[in-house]
Amino acid sequence: MDIRRLPQAMCALARWRMGWRDLLLQAGLLGLVGLLALPAQAQWHERRATAMGTSIHVELWSEEADVAEQALTAVITEMHRIDAEFSPYKKDSQLSRLNAQAPKGWVEVSPELFELLARSAWVSELTSGAFDVTYASVGRYYNYRDREAPDAKTLEALVQHINYRNVELRPATSEVRYAVEQVYVDLGGIAKGHAVDQAIAKIQAFGITQASVAAGGDSRIIGDRRGQPWTVGVRHPRDPEAVAVLLPLEDTAVSTSGDYERYFDAQGVRYHHILDPSTGSSAKGSVSVTILGAQSLLTDALSTSVFVLGPDKGIDLINRLEGIDAIVIDASGQMRYSDGLAGLE
Ligand code: ADP
Ligand code: MG
């Protein structure tokens with residue numbers, strides 16, 4: 001498979017790459033969070049909400065207040081819709097229905113769910129299986145809030161069933177079947193990115209050309225901020241109040257995956273929510289991975305993937321992809337960049 005053929009035409013980021021190099025202010029590990037909270041101007045409209053287990057923040061520019069309000073409402077409604085359809089925790093979601101029925105036979109799903117599964121499989125191929133939505137065959141037995149991990153026997157029995165090829169897809173009829181009974185799918189590594197892309201499409205449908213949508217660690221911006229670049233901060237992985245890097249960006253998607261989002265520490269080991277599909281245990285090697293690209297769906301999935309691959313293999317992969325860049329903070333705390341961002345060190 002030609003890894004340069006991305007699922008959708010990736011808009012060339014070369015011009016922004018130049019921009020990144022010129023504009024990127026490497027903030028060292030300084031606390032610059034105050035800079036992110038500049039007051040909005042009169043025609044900036046914003047909304048905050050909670051969906052998909054994370055905080056949503058939408059900002060957009062419109063001179064018509066009612067258009068702005070309609071767009072903001074459309075975005076939040078869309079986020080809740082996606083949450084309701086693709087949450088594995090909600091018993092009546094489409095994904096829960098699939099997890100219950102697909103081990104027994106073919107299940108017809110919506111074109112949207114089919115597409116998400118097909119794109120997930122595409123990313124699995126691209127990343128040699130580092131990204132795998134069936135990670136949850138084991139991952140479902142972790143409970144970070146209650147400090148629970150699967151016991152050795154459960155892990156050993158189930159890790160063999162983590163394999164995206166166990167999710168069989170019939171495009172002609174939009175049907176899905178799991179090849180093995182123990183398979184369980186969780187779209188947590190890609191659904192938020194999809195939601196952000198959908199939100200941006202909703203905003204663009206109102207004719208709005210300057211906006212920012214953030215869902216937890218996944219953000220996408222369109223246009224600039226009235227002649228200035230937007231500023232997206234990458235959180236310091238060990239200090240929630242501090243920013244590791246400030247990224248001045250325009251027309252870009254940016255996703256960060258970290259080992260500090262959902263985790264617990266026990267016996268000197270950090271049990272966090274990004275699992276290496278080959279072991280069923282939390283991925284080691286990085287503490288934070290940020291991916292820049294054109295589309296949130298891909299930056300979201302790739303931030304999880306590069307986290308699993310580790311800094312060396314992860315950055316190698318990103319260097320082979322057109323229009324995608326990475327900033328990795330490795331386990332020793334060192335900041336590492338893909339070639340498109342070289343020179344920042
Ligand atoms: P978040 O923005 O939710 O912190 P990430 O983009 O870092 O998330 O993705 C982590 C989520 O991805 C996990 O909570 C889990 O749902 C899912 N996940 C974990 N490991 C994998 C994996 N190897 N492949 C695909 N998805 C994964
Ligand atoms: Mg991700």
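Counted by atom type alone, Glu85 and Gln94 present one or more donor-acceptor pairs between their side chains at under 3.5 Å. A side-chain donor from one of Tyr178 and Asn99 sits under 3.5 Å from a side-chain acceptor of the other. Judged purely by distance below 3.5 Å, without hydrogens or angles, the side chains of Tyr337 and Asp325 never pair a donor atom with an acceptor atom. Residues Thr134 and Arg165 bring no donor and acceptor atom of their side chains to less than 3.5 Å of each other. No side-chain N or O of Asp132 forms a donor-acceptor pair with one of Ser124 less than 3.5 Å apart. In summary, the side chains of His272 and Glu261 do not present any donor paired with an acceptor at a separation below 3.5 Å, with no hydrogens or angles considered.
Of the residues listed (Val289, Ile291, Leu247), the one engaging Ile327 in a side-chain contact (heavy atoms from CB on, under 4.5 Å) is Leu247, and it is the only one.
The two residues Pro277 and Val308 make their nearest non-hydrogen contact at CD-CG1, 3.8 Å. The two residues Glu168 and Trp106 have their closest heavy-atom pair at O-CZ3, 3.5 Å. Across Gly293 and Ile324, no two heavy atoms sit closer than the pair CA-CD1, 4.3 Å. The shortest heavy-atom contact between Tyr141 and Ser137 is CE1-O, 3.5 Å. Taking both residues in full, the closest heavy atoms of Asp218 and Ser255 are given as OD1-OG, 2.6 Å, listed atom of the first, atom of the second, then distance.
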Check the pair Val180, Asn163 against side-chain contact (heavy atoms from CB on, under 4.5 Å), reporting the backbone distance first and the verdict last.
CA-CA 10 Å; Val180 181; Asn163 188 340; over 6 Å; no

side-chain contact (heavy atoms from CB on, under 4.5 Å) assessment of Val176 paired with Leu113
CA-CA 10 Å; Val176 183; Leu113 178 52; over 6 Å; no

Go through the steps for Asp259 and Lys284 under the test salt bridge (Lys or Arg N to Asp or Glu O under 4.0 Å), then give the verdict.
CA-CA 9 Å; Asp259 69 355; Lys284 299 184 183 71; over 6 Å; no

Run the numbers on Gln210 and Trp44 for side-chain contact (heavy atoms from CB on, under 4.5 Å), then give the verdict.
CA-CA 10 Å; Gln210 291 169 303; Trp44 284 104; 4.2 Å; yes

Given Asp186 and Tyr135, is the side-chain contact (heavy atoms from CB on, under 4.5 Å) satisfied, shown in steps?
CA-CA 8 Å; Asp186 186 328; Tyr135 85 91; 3.1 Å; yes

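Side-chain contact between Leu341 and Leu292 is present, with at least one heavy-atom pair separated by less than 4.5 Å. Residues Glu46 and Arg48 form a side-chain contact, since some pair of their non-hydrogen atoms from C-beta on lies under 4.5 Å apart. Counting heavy atoms from C-beta outward, Val213 and Leu60 have side chains that stay 4.5 Å or more apart. Side-chain contact between Leu249 and Pro229 is absent, with no heavy atoms from C-beta onward closer than 4.5 Å. Between Phe206 and Ser62, every side-chain heavy-atom pair lies at or beyond the 4.5 Å cut-off. When side chains are defined from C-beta on, Leu98 counts as touching Leu117, because their heavy atoms get closer than 4.5 Å.
By the ring-ring contact (aromatic ring centres under 6.0 Å, His included) test, Tyr271 pairs with Phe264, sequence neighbours left out.
Side-chain N or O atoms of Ser305 include none that pairs as donor or acceptor with a backbone N or O of Ser303 at under 3.5 Å.
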Please list every donor-acceptor pair under 3.5 Å in which a side-chain atom of residues 191-202 meets a protein atom from a residue at least two apart or in another chain.
unit_1, atom_1, unit_2, atom_2, d
His194, NE2, Glu112, OE2, 2.7
Asp197, OD1, Arg220, NH1, 2.7
Asp197, OD1, Ser296, N, 2.8
Asp197, OD2, Ser296, N, 3.3
Asp197, OD2, Leu297, N, 2.9
Gln198, NE2, Glu78, OE2, 2.8

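Residue pairs that meet the ring-ring contact (aromatic ring centres under 6.0 Å, His included) test with at least one member in residues 143-164, sequence neighbours left out, are Tyr142-Tyr144.
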